[in-house]
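All ligand and atom numbering here is 1-based and tracks the order in the structure.
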Amino acid sequence: MKKEKIEFVKSKVRNIPDFPVKGIQFKDLTTAFKDSESLRIMCDALTELYKDKGITKVVGIEARGFIFGAILAERLGAGFVPLRKPGKLPAKTIKKTYTKEYGDDTIEIHEDAISENDVVLMHDDLLATGGTMAAALDLVRTMNPKEVYINFICELVDLKGRALFPDVEVTSLFDFEGE
Ligand code: AMP
């Protein structure tokens, strides 16, 4: 994928200072999603990254990970699995509680969502500290998939979230400096 195209998408991301709390530079990707050219460039770039990996399930993390999780699943000929906040999934789940910057959070996945034959791509919009994805990875790994990959649209490099995944291939389309 041409660098200019990725730079075009990056230019569409809106920075919101002090949201949701003072001191956070919130990267608002909705402005990159609403531009049709930017949306198509992201779809093509992400498809290109994973089209030869034999992905059978894409796991999207609630809520912003659902957007591209579902698009990517369809593009890759894979199934889509939602990883949700507590109490939302109707059947039997497994769950994990983890510590975030501002208190604890819990995520859940259906216990039959993934099988040992699956090659899983886990997706969220943005990698910050990596805490959410690390908890999600723990959950998915309890189901023993054949292989796991991790992808984000963008990454806040200074937070070094990648360090939490030394044994997994992690990709993002572009990054931002700062926290
Ligand atoms: P993490 O610290 O990697 O666990 O981030 C958790 C979630 O919060 C990710 O799914 C992101 O969507 C969101 N998030 C964290 N920091 C930011 C930020 N600066 N801008 C936009 N989204 C963020």
Side-chain angles (χ1 to χ4, degrees), residues 6-35 38-39 41-43 45-46 49-50 57-73 80-89 93-109 113-114 120-142 148-179:
I6 297 298
E7 284 302 317
F8 171 76
V9 176
K10 189 173 171 179
S11 75
K12 293 286 172 192
V13 177
R14 173 165 60 184
N15 189 73
I16 312 278
D18 299 323
F19 181 88
V21 291
K22 203 163 173 43
I24 299 288
Q25 298 291 327
F26 192 86
K27 304 299 174 199
D28 177 16
L29 291 175
T30 65
T31 39
F33 293 154
K34 81 170 179 185
D35 182 284
S38 161
L39 186 74
I41 293 169
M42 287 188 273
C43 285
L46 291 174
L49 280 174
Y50 292 99
K57 296 269 165 40
V58 178
V59 174
I61 298 183
E62 185 167 355
R64 288 183 292 265
F66 288 176
I67 300 164
F68 261 93
I71 294 177
L72 259 179
F80 175 74
V81 172
L83 206 146
R84 299 209 63 180
K85 296 184 173 138
K88 305 281 186 187
L89 290 169
T93 62
I94 47 173
K95 57 186 91 178
K96 170 122 190 149
T97 298
Y98 62 102
T99 305
K100 295 223 308 189
E101 215 171 339
Y102 315 101
D104 286 353
D105 225 335
T106 300
I107 48 172
E108 280 188 349
I109 190 167
I114 289 169
V120 176
L121 171 59
M122 304 190 61
H123 169 81
D124 201 358
D125 66 331
L126 182 139
L127 171 61
T129 64
T132 308
M133 186 57 87
L137 180 63
D138 277 356
L139 274 184
V140 165
R141 278 193 162 148
T142 62
V148 182
Y149 298 93
I150 294 178
N151 166 261
F152 303 91
I153 294 170
C154 68
E155 175 174 357
L156 303 181
V157 276
D158 294 351
L159 290 174
K160 300 187 170 54
R162 257 175 199 265
L164 295 183
F165 314 104
D167 55 351
V168 184
E169 189 179 305
V170 180
T171 63
S172 64
L173 293 183
F174 51 89
D175 49 45
F176 289 102
E177 292 181 356
E179 298 184 355

For the ring pair Phe66 and Phe68, is the centre-to-centre distance below 6.0 Å? no
If we only consider heavy atoms of Leu126, is any one of them less than 4.0 Å away from an atom in ligand 1? yes
Answer yes or no: does an N/O atom from Met133 fall short of 3.5 Å to an N/O atom of ligand 1? no
If you measure from each non-hydrogen atom of Arg64 to ligand 1, which part falls under 4.0 Å: side chain, backbone, both or neither? side chain
Please determine, by modelled atom types, if Tyr50 and Thr171 share a side-chain donor-acceptor pair under 3.5 angstrom. yes
Quick one, Arg84 with Glu108, criterion salt bridge (charged side-chain N to carboxylate O under 4.0 Å, His left out). Give me CA distance, side-chain angles, the key distance, then yes/no. CA-CA 5 Å; Arg84 299 209 63 180; Glu108 280 188 349; over 6 Å; no
With atoms numbered from 1 as shown, which atoms in ligand 1 lie under 4.0 angstrom from a non-hydrogen atom of Asp124? 9 (C), 10 (O)
Using heavy atoms and a threshold below 4.0 Å, how should the contact between Asp28 and ligand 1 be classified: side chain, backbone, both, or neither? neither
How long is the span from the CZ atom in Arg64 to the CG atom in Leu29, to the nearest 0.5 Å? 7.5 Å
Given the options Asp138, Thr132, Asp104, Tyr98 meets side chain to side chain donor-acceptor pair (under 3.5 Å) only with Thr132
From the candidates Ala128, Ala63, Ala136, Cys154, the one that places a heavy atom nearest atom 5 (O) of ligand 1: Ala128
Looking at Arg162 and Asp167, is any side-chain nitrogen of the basic one under 4.0 Å from a carboxylate oxygen of the acidic one? no
Number the atoms of ligand 1 from 1 as they appear, then name those within less than 4.0 Å of a heavy atom of Leu156, with their elements. 19 (N)
Could a heavy atom of Gly161 be found less than 4.0 Å from some atom of ligand 1? no
Over-ring placement of Lys10 relative to Phe176, 6.0 Å and 45° cut-offs: yes
At under 4.0 Å between heavy atoms, what of Asp125 touches ligand 1? The answer is side chain
